[in-house]
There are 2 protein chains.
Amino acid sequence: MVTNIDSDAFAFCETLTDAQDALAREILERASAKWPLRIMYVLAETKGPLRFSRLLERVEGISQKVLTQALRTLESDGLVTRTLYPQVPPRVEYELTPLGGELLLQVVALWRWIAERVPDFEKARARSAGATHISK
Amino acid sequence: MVTNIDSDAFAFCETLTDAQDALAREILERASAKWPLRIMYVLAETKGPLRFSRLLERVEGISQKVLTQALRTLESDGLVTRTLYPQVPPRVEYELTPLGGELLLQVVALWRWIAERVPDFEKARARSAGATHISK
DNA sequence: CAGCATCCTAGCCGATACTG
DNA sequence: CAGTATCGGCTAGGATGCTG
């Protein structure tokens, strides 16, 4: 029942310092989270800069507060740029960085892998609604 | 400044129903989250079944309650199996399913990709601690 | 327009105590 | 041993109002 996993598949984890490992896990978790992923996705679709209010419209269901917070985090992680045009009224544009675009591609690859197996996950859900596994 | 993203990279998203898309996003988010990932990681390292109490020891810092919850979710997602041996005292063993093992491999691939770019993220962090981007 | 500040609530999570 | 049950702190996040 054990999947045949190459024992070297996890070797890279050991080569990181604790701080680096923590950072990598953080980025992984954040980039897969609901709002950051949707935001990066919208920015990638647009293939160009997007104003704050456009993002607020296109990232469906997000509140202004959460959008602001998420963008700040994405910015400090180097995944998006924030450009302020000092006008009245002000204009602020957000855009994916190259690093952000590449990361998104990687996350989307995983997303797609999962999406292709959605039937498997649906089956698992249905099955687990039933029995308790008992052995002797 | 726009990363050159193949416009078909996201095509698969459109082929899913809303429910399937939601499920895929859920699995993605959960599998990348802190505790589920650590748990699957420990189970994969072990290459075999592991008792509840062993998991509690090896998944460092997790509480008994959260471990239980996470395992229930992993089980209902079809990523781990829970096998009860009706003894006194009871014995319960958890093990990665093939689907769980494969998913973990995919997540670890992404994790590794990020880990290799940790210096980039560190640089971004350092840079963002400084300036506001202003254009005219 | 692009936010910040405030209030408020649901849910996460740790700690502790109890049970089959 | 492998949980369930309960309390309590903390935080993510919505709603609303205000400002440069």
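A note on names: the letters A, B, ... follow the listed sequences, proteins ahead of strands, and every chain is numbered from 1.
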Undergrad: Provide, to the nearest angstrom, the distance between the CG atom belonging to Leu67(A) and the C1' atom belonging to dG3(C).
TA: 10 Å

Undergrad: Taking atom types as modelled, find out whether Thr68(A) and Gln64(A) have a side-chain donor-acceptor pair closer than 3.5 angstrom.
TA: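 A donor-acceptor contact under 3.5 Å links the two side chains.
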
Undergrad: Using whole Å, what does the distance between atom C1' of nucleotide dA5(D) and atom NZ of Lys65(B) come to?
TA: 9 Å

Undergrad: If only side-chain N and O atoms of Arg72(A) are considered, is one of them under 4.0 Å from the OP1 or OP2 phosphate oxygen of dC4(C)?
TA: yes

Undergrad: Take the protein atom CZ of Arg30(B) and the nucleotide atom P of dG11(C), then report the distance between them rounded to whole Å.
TA: 16 Å

Undergrad: Hey, does the side-chain of Gln64(A) have a donor or acceptor N/O within less than 3.5 Å of a partner on the base of dC1(C)?
TA: no

Undergrad: Answer yes or no: does a side-chain N or O of Tyr94(B) lie under 4.0 Å from OP1 or OP2 of dG3(D)?
TA: yes

Undergrad: Rounded to the Å, how far apart are Ile62(A) CD1 and dA2(C) C1'?
TA: 14 Å

Undergrad: Using side-chain contact (heavy atoms from CB on, under 4.5 Å), reason through Val107(B) and Leu28(B) one step at a time and then give a plain yes or no.
TA: CA-CA 9 Å; Val107(B) 176; Leu28(B) 171 62; over 6 Å; no

Undergrad: Gln69(A) or Leu71(B): which one's nearest nucleotide on DNA chain D is closer to the 5' end?
TA: Leu71(B)

Undergrad: Figure out the CD/P separation between Glu60(A) and dG14(D), and round it to whole Å.
TA: 13 Å

Undergrad: Tell me the interatomic distance from Lys34(A), atom NZ, to dA12(D), atom C1', rounded to whole angstroms.
TA: 12 Å

Undergrad: Among dG14(D), dC1(C), dA2(D), which is the nearest nucleotide to the side chain of Pro90(B)?
TA: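 The closest nucleotide is dA2(D).
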
Undergrad: OP1 or OP2 of dA2(C) less than 4.0 angstrom from a side-chain nitrogen or oxygen of Ser53(A), does that happen here?
TA: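 So the side chain of Ser53(A) is within the cut-off, an N or O lying under 4.0 Å from OP1 or OP2 of dA2(C).
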
Undergrad: Without decimals, in angstroms, what is the distance between Leu50(A) CG and dC1(C) P?
TA: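 Interatomic distance, CG of Leu50(A) to P of dC1(C): 14 Å.
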
Undergrad: Would you say Arg82(A) places a side-chain N or O within less than 4.0 Å of OP1 or OP2 belonging to dG3(C)?
TA: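 Affirmative; the distance criterion is met.
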
Undergrad: Do Val118(A) and Ile27(B) have side-chain heavy atoms sitting under 4.5 Å apart?
TA: no

Undergrad: Is there a side-chain polar atom (N or O) of Arg51(B) under 4.0 Å from OP1 or OP2 of dC1(D)?
TA: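 Arg51(B) to dC1(D) OP1/OP2: no side-chain N or O under 4.0 Å.
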
Undergrad: Expressed as a whole number of angstroms, how long is the span from Leu56(B):CG to dG3(D):C1'?
TA: 11 Å

Undergrad: If the threshold is 4.0 Å, N to carboxylate O, is there a salt bridge linking Glu122(B) and Arg125(B)?
TA: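 Salt bridge flag = no for Arg125(B) with Glu122(B).
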
Undergrad: I'd like to know if the side chain of Ser76(B) and the backbone of Thr73(B) have a donor-acceptor N/O pair within less than 3.5 Å.
TA: yes

